[in-house]
Each structure stands twice: as structure tokens, then as C-alpha cells.
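Heads up: the structure comes next, in C-alpha cells.
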Amino acid sequence: AAATGGRWSSMPEAACCGVGTDTRQSLAGALFVALRGDRFDGHQFVEVAFASGAVAALVAADSAVAAASGGNAAARAACPCQRQEGAGLR
């Protein structure tokens with residue numbers, strides 16, 4: 001949450017083991033990032049992402065998802081993945 005200027009609204013039940021933006025692919029154990037584009041809005045797929053196994057979702061503060069989770073949350077849940085320089089997400 002600190003990296004995005006957001007707030008935690010809840011902690012995931014498990015640690016993240018990846019990051020994904022496409023609910024048509026496996027999201028088991030991943031952080032789902034809800035991206036907005038010209039033809040789609042990933043916020044419409046947050047519940048699908050959780051049903052597909054995502055353990056956390058990063059959402060925009062002005063989204064209905066954030067409003068439903070507390071009104072001022074930039075992240076519905078924060079991913080406790082660890083990062084090491086040059087090694088990427090672990």
C-alpha cells in the first residue's frame with residue numbers, strides 16, 4: 001500500500017506467489033492488479049479474480065471495489081510478498 005500511496009483494508013489470508021492482470025489466466029495465489037484501459041476496466045473482474053484463486057487485489061481508490069471495502073482504500077488487500085534487489089518478487 002505504501003508504494004501506491006494507498007491504504008490497507010484487509011490482509012490476505014495467504015502470501016502472494018505472483019502478480020496477474022488477466023482473469024482468463026490462472027491467478028492461484030497471486031495479487032490481481034485491476035487495470036483500467038480504453039476497452040476494459042479490471043475492477044469489473046475483481047470478484048472473478050478471487051474466485052480464480054487470487055489472494056489479494058490492488059484497486060484504484062476511486063473504484064466501487066474500494067468504496068465497498070472502506071471508501072478510502074487504494075488496495076483491497078496488500079500482498080506480503082518479499083522483494084530482493086535484482087531478484088524480483090519472491
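In this structure, the separation between OG1 on Thr23 and CD on Glu47 is 12.0 Å, given to the nearest 0.5 Å. With rounding to the nearest 0.5 angstrom, the CD atom of Gln25 is 11.0 Å from the OG atom of Ser52. Rounding to the nearest 0.5 Å gives a distance of 8.5 Å between CG of Asp22 and CZ of Phe40.
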Show your working on side chain to side chain contact (heavy atoms under 4.5 Å, CB included) between Phe32 and Leu58 and close with a plain yes or no. CA-CA 6 Å; Phe32 175 70; Leu58 179 65; over 6 Å; no
May I have the step-by-step check of side chain to side chain contact (heavy atoms under 4.5 Å, CB included) for Val46 and Val59, ending in yes or no? CA-CA 9 Å; Val46 171; Val59 300; 4.0 Å; yes
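Remark: the backbone N or O of Ala60 is paired with a side-chain donor or acceptor of His43 at under 3.5 angstrom.
Every residue meeting the side chain to side chain contact (heavy atoms under 4.5 Å, CB included) condition with Thr21, not counting sequence neighbours, appears here in chain and number order: Val33, Leu35.
Closest heavy-atom contact between Cys16 and Ala30: SG-C, 4.4 Å. Closest approach of Cys17 to Ala28, counting heavy atoms only: SG-O, 3.7 Å.
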